[in-house]
Peer 1: 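Here it is, the structure in full.
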There are 2 protein chains.
Amino acid sequence: MVKTDFSPIADTTRRAEIVALLRRAILTGQLEPGQKLNELRISEQMRVSRAPLREAMRELVQEGLLTSIPYAGTFVIDVTAKDIDDAYSLNKVLDEFAIERTWPQRDQRFFDELDRRHEAVKLATRNLDTTRQIETALQLHGLIYEWADNSVLLETWQRLISRLQMYFALHQQARNEPVPAEDVHETYVRLMKGTDMRAAQRHAREHINLDFEQLLSYARGLEQRPSKGA
Amino acid sequence: MVKTDFSPIADTTRRAEIVALLRRAILTGQLEPGQKLNELRISEQMRVSRAPLREAMRELVQEGLLTSIPYAGTFVIDVTAKDIDDAYSLNKVLDEFAIERTWPQRDQRFFDELDRRHEAVKLATRNLDTTRQIETALQLHGLIYEWADNSVLLETWQRLISRLQMYFALHQQARNEPVPAEDVHETYVRLMKGTDMRAAQRHAREHINLDFEQLLSYARGLEQRPSKGA
DNA sequence: GACAATCAGATTGTCGACAATCTAACAAGA
DNA sequence: TCTTGTTAGATTGTCGACAATCTGATTGTC
């Protein structure tokens, strides 16, 4: 008999689609930080009743992209410099751990996937598609988390980058110009293929610090004039 | 003028209460791993409609205590030895980070709170209240996360211990006898008050390993005979 | 003019009913 | 006997309407 691998059936519920739509809207900056989500308006726009919309919003609240105040409303989270600082400092620790766990498990499939994702980043960079560039860069970075074979770690990281992706998108949108950042990934990929784990860990930490400084200065600028949502 | 600190008003929505009820039921082992949650039955028992119940369940799904399969149902997560292993190995990393961040911020208020929580553990231990013992021990342990002044770290840890608490409860329930474990906390508190940060980190790691081995053996025992939920 | 009480509008929280889907038992046919 | 089609029951997903709550504007009083 032929051995075939079937992927799981797509979640065909309105709720799941709504979650995806809203998440994308938030991560691309379509919905601004602090902005209130009017349930009636959104449900009418999506041609959906409020029940699945509300359930979707509860999920995103737990995911950390929205915050909810009873009888007042649900809002996109606000970006503070401290949030970015917190997220990044934790990310550094998780990176070291992920690399440590992934290191002994690297094989040809890992290297191939690493190259594939690296190519995706380079393509997005050439096309000047900043949104896609962020997505692909995070996917490249996420490989070590997928490979670390620790479901809790992966889940934790995904929650973390949800927010980081949002911050990045805001940053890019504000500057309105693509970040080159290609050579940084070049070095990262090379080190991840090498034999010096400590060097890879060190580079990951420093590479992150680079983008981090840009983001922080942007966030501090935001905090000078409070947003309308606050 | 007198400076008064007001605590936030309680969330007076059915949804929030349902979440608390369900979470407690799961963490105390009242709801078994793998068990299906029948919406109609639960909503009738709680005298609530399905809408707020379903929203509450979405929150707990995102919290990692439940899993949902469209049109099939929502289930309490299954406990596997690997889950415990993953959670604990991540917890070790987070502990080191939390201690490092907390260390320079320790003051008299920190030490007082440390003692207060330690007393709570000792009280629960004397009363042979295993559930409370788990709760208080986790609260003692959580102090470094609250003090680390990193909201993302705290949030991450809270998600982690939700599951760890569930595992512990199952373990205790299976053994049906309280774990002494008082002297371990004694050493921990002493080290957290001391001047050697490395020693505190080392102890946290080893202390965790202790309970960890017990839990793992329990989980491996569970996996011999598959649960009815699977 | 300042302040408290009241009220209308809008929005969120909750409810009961209906639609879509799954499961398991049963029947029909090769 | 095994497989396939059908059907009834139960359960989840979704809907539209109502109740509870908040916001702000207005009014009345001092």
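Residue numbers begin at 1 in each chain, while the letters A, B, ... track the order of the sequences. Given the structure is predicted, the values throughout are model-derived calculations rather than measurements.
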Peer 1: Keeping the roles fixed (side chain from Arg159(B), backbone from Gln62(B)), state whether a donor-acceptor pair exists under 3.5 Å.
Peer 2: yes
Peer 1: Measure the spacing between CD of Glu32(B) and CZ of Phe75(B) and express it to the nearest 0.5 Å.
Peer 2: 14.5 Å
Peer 1: Partner of dA28(C) by Watson-Crick or G-U wobble geometry, both contacts under 3.5 Å, or none?
Peer 2: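 Matched dA28(C) with dT3(D) under the 3.5 Å cut-off.
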Peer 1: Strictly under 3.5 Å: I want the nitrogen or oxygen pairs between protein and nucleotides 12-16 of chain D, one per line.
Peer 2:
from, atom 1, to, atom 2, distance (Å)
dT12(D), OP1, Leu37(B), O, 3.4
dT12(D), OP2, Glu39(B), N, 3.4
dT12(D), O3', Tyr71(B), N, 3.4
dG13(D), OP1, Tyr71(B), N, 3.4
dG13(D), OP2, Arg54(B), NH1, 2.5
dG13(D), OP2, Arg54(B), NH2, 3.1
dG13(D), OP2, Arg58(B), NH2, 3.4
dG13(D), N7, Arg50(B), NH2, 2.8
dG13(D), O6, Arg50(B), NH1, 3.0
dT14(D), OP1, Arg14(A), N, 2.4
dT14(D), O3', Arg14(A), NE, 3.3
dC15(D), OP1, Arg14(A), NE, 3.2
dC15(D), OP2, Ser49(A), N, 2.7
dC15(D), OP2, Ser49(A), OG, 2.9

Peer 1: Do Tyr145(B) and Asp95(B) get their side chains close enough for a donor-acceptor pair, meaning under 3.5 Å?
Peer 2: yes
Peer 1: side-chain contact (heavy atoms from CB on, under 4.5 Å) between His185(A) and Leu140(A): does it pass, once the steps are laid out?
Peer 2: CA-CA 9 Å; His185(A) 294 140; Leu140(A) 169 63; 4.0 Å; yes
Peer 1: Between Lys82(A) and Asp86(A) (salt bridge meaning N to carboxylate O under 4.0 Å), is one present in this structure?
Peer 2: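 Yes, this pair counts.
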Peer 1: Strictly by salt bridge (charged side-chain N to carboxylate O under 4.0 Å, His left out), give each pair with a member in residues 135-148 of chain B just once, sequence neighbours left out.
Peer 2: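 Of all non-adjacent pairs touching residues 135-148 of chain B, those that pass salt bridge (charged side-chain N to carboxylate O under 4.0 Å, His left out) are Arg24(B)-Glu135(B), Arg117(B)-Glu146(B), Arg132(B)-Glu135(B).
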Peer 1: Of all of residues 19-26 of chain A, which get a heavy atom below 4.0 angstrom from DNA chain D, listed by number?
Peer 2: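 Heavy-atom contacts with DNA chain D come from no residue of residues 19-26 of chain A; none.
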Peer 1: Answer yes or no: is there an ion pair linking Glu55(A) with Arg58(A), defined by an N-O contact shorter than 4.0 Å?
Peer 2: no
Peer 1: Tell me whether Arg116(A) is salt-bridged to Glu113(A), with the criterion being a basic N under 4.0 Å from an acidic carboxylate O.
Peer 2: yes
